[in-house]
Amino acid sequence: MKVGFIGAGSMGGLLAGALLRARAFEPSEVTIATRTSSKAERLAQQFPGLRIGPTNAAAVRDADIVFLCVKPLDYRAVLGEIRDSLRPEQLLVSITSPVTLEQLERLTPCKTAKIVPSIVNGAASGASLFMYGTRLEPADKKLLISMFARISEPIEVPEESVRAASDLSSCGPAFMAYLLEQFVEATVEFAGLAPEVAARVGAEMLLGTARLLEQGCTTQELQERVCVPGGITAVAMEELRLSTQDAFRKVMRKTHEKFAEDLIKVEASLSEQSLGSD
């Protein structure tokens, strides 16, 4: 199997590295093309045998699967470069949520899928969000699922719900890290605990909480088990509820507003007229 990556930025590089470490494919099977050569060179040093393509078209030409890991507004230029090199039997995977499958199928001759990864896939954890184009066959889906199951829990979601799912899987680590940071800082301030000790205790707490949830404990059950009536946690939970009421509804309102703006910009950028003008 030959694999091409276009883009090796924060998510593209993370995804390529995670899949290579998980032996989803061998370095000798991979060609990466990116605007910043130093990023591809770092991956080539980590994974001897990996090739750096001189152009985006070179990364596509012999590939069975092509991962598009570029920013939404870069798709117009990249698709203009690779469209003539794409073939119907190839599988094109976009990791960018604002670019729709309909747009990809309209502008390319190949099979298309959209898979939105998360930073935690780099630790072989978390979910990867799967959406399939109309040209995919069952064998294509099976291949992608087996590949991403090495680094994540592949979960199929409706494309119209990808923003909400991404809020949980992709934005969620940043949100949880922020809340943990606030918790650790308060612990240091009020109790004088050493920052490095507080950070370690907090990280272990978050990891353990995730494992309990993974084992089937619900969020409500977990709260009930910790919050003894009249106890310290129960009293503190009332303050926490008051302080965070509607916080995540407001957060999601912001993410959806930004996503709606991105959809409009991407559609304008990927119009047939603008693509043809390159």
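Source: prediction; values computed, not measured.
When atom types are taken as modelled, the side chain of Q223 and the backbone of T219 share a donor-acceptor pair closer than 3.5 angstrom. Judged purely by atom type and a 3.5 angstrom limit, S170 has no side-chain atom pairing as donor or acceptor with the backbone of D167. Put simply, the side chain of E105 gets close to the backbone of T134: a donor and an acceptor are under 3.5 Å apart. Listed for the K114 side chain is a donor-acceptor partner under 3.5 Å among the backbone atoms of S97. In terms of modelled atom types and a separation under 3.5 Å, the side chain of R106 and the main chain of S271 share no donor-acceptor contact.
Among all heavy-atom pairs drawn from L129 and S169, the shortest one is CD1-OG, 3.4 Å. Residues A199 and V184 come closest through the heavy atom pair N-CG1, 3.9 Å. Closest non-hydrogen pair, P27 versus P48, comes out as CB-O, 3.4 Å. Closest approach of L92 and C110 over heavy atoms only: CB-SG, 3.6 Å. Between S166 and V116, the closest heavy-atom pair is OG-CG1, 3.8 Å. Considering all non-hydrogen atoms of both residues, E159 and T100 come closest at OE2-CA, 3.2 Å.
Residue pairs meeting the ring-ring contact (aromatic ring centres under 6.0 Å, His included) criterion with at least one partner in residues 146-196, sequence neighbours excluded, are F130-F148. Note on residues 198-210: no pairs pass salt bridge (charged side-chain N to carboxylate O under 4.0 Å, His left out), not counting sequence neighbours.
Not counting sequence neighbours, the partners of E29 by the side chain to side chain contact (heavy atoms under 4.5 Å, CB included) test are M1, F25, E26.
Other residues, nucleotides and ligands contribute at most 12 non-hydrogen atoms within 6.0 Å of the CD1 atom of I232. When the shell of 6.0 Å around CD1 of I119 is examined, it contains 12 or fewer heavy atoms from other residues, nucleotides or ligands. Heavy atoms from other residues, nucleotides or ligands lying under 6.0 Å from NZ of K141 number more than 12. Heavy-atom contacts from other residues, nucleotides or ligands closer than 6.0 Å to CZ of R87 number more than 12.
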Worksheet entry | CA sep, side-chain torsions, deciding dist, call: L68, T96, side chain to side chain contact (heavy atoms under 4.5 Å, CB included) | CA-CA 8 Å; L68 271 182; T96 307; over 6 Å; no
Discussion item. Before you tell me yes or no, could you show the steps for K2 and T31 under side chain to side chain contact (heavy atoms under 4.5 Å, CB included), namely the whole-Å CA-CA distance, both residues' side-chain angles and the distance that decides it to 0.1 Å?
Written reply: CA-CA 8 Å; K2 298 294 185 181; T31 301; over 6 Å; no
Practice prompt. List the steps, then state whether side chain to side chain contact (heavy atoms under 4.5 Å, CB included) holds for S161 with M131.
Written response: CA-CA 10 Å; S161 301; M131 291 142 280; over 6 Å; no
Practice prompt. Apply the test side chain to side chain contact (heavy atoms under 4.5 Å, CB included) to residues D140 and E137: give CA-CA distance (whole Å), side-chain angles for both, the deciding distance (0.1 Å), then the verdict.
Written response: CA-CA 5 Å; D140 300 315; E137 299 174 4; 3.6 Å; yes
Practice prompt. Give the C-alpha distance, both sets of side-chain angles, the deciding distance and a yes or no for salt bridge (charged side-chain N to carboxylate O under 4.0 Å, His left out) between E214 and R211.
Written response: CA-CA 5 Å; E214 187 178 44; R211 286 175 175 162; 5.9 Å; no
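A salt bridge links R249 and D246; the closest N-O separation between the charged side-chain nitrogens and carboxylate oxygens is under 4.0 Å. Under a 4.0 Å N-O distance rule, the pair E238/R241 qualifies as a salt bridge.
In this structure, L91 is not a member of the same hydrophobic cluster as I82, with clusters built from ILVMFWY side-chain heavy atoms closer than 4.5 Å. A chain of hydrophobic side-chain contacts below 4.5 Å, direct or via other Ile, Leu, Val, Met, Phe, Trp or Tyr residues, connects F47 to F5. Cluster annotation: V3 and M11 are assigned to the same hydrophobic cluster (Ile/Leu/Val/Met/Phe/Trp/Tyr, side-chain heavy-atom contacts under 4.5 Å, transitive). Under a hydrophobic-cluster definition in which Ile, Leu, Val, Met, Phe, Trp and Tyr are linked whenever side-chain heavy atoms come within less than 4.5 Å, directly or via other members, L144 and L19 are assigned to the same cluster. At a threshold of 4.5 Å between side-chain heavy atoms, the hydrophobic network of Ile, Leu, Val, Met, Phe, Trp and Tyr places V93 and V60 in two separate groups.
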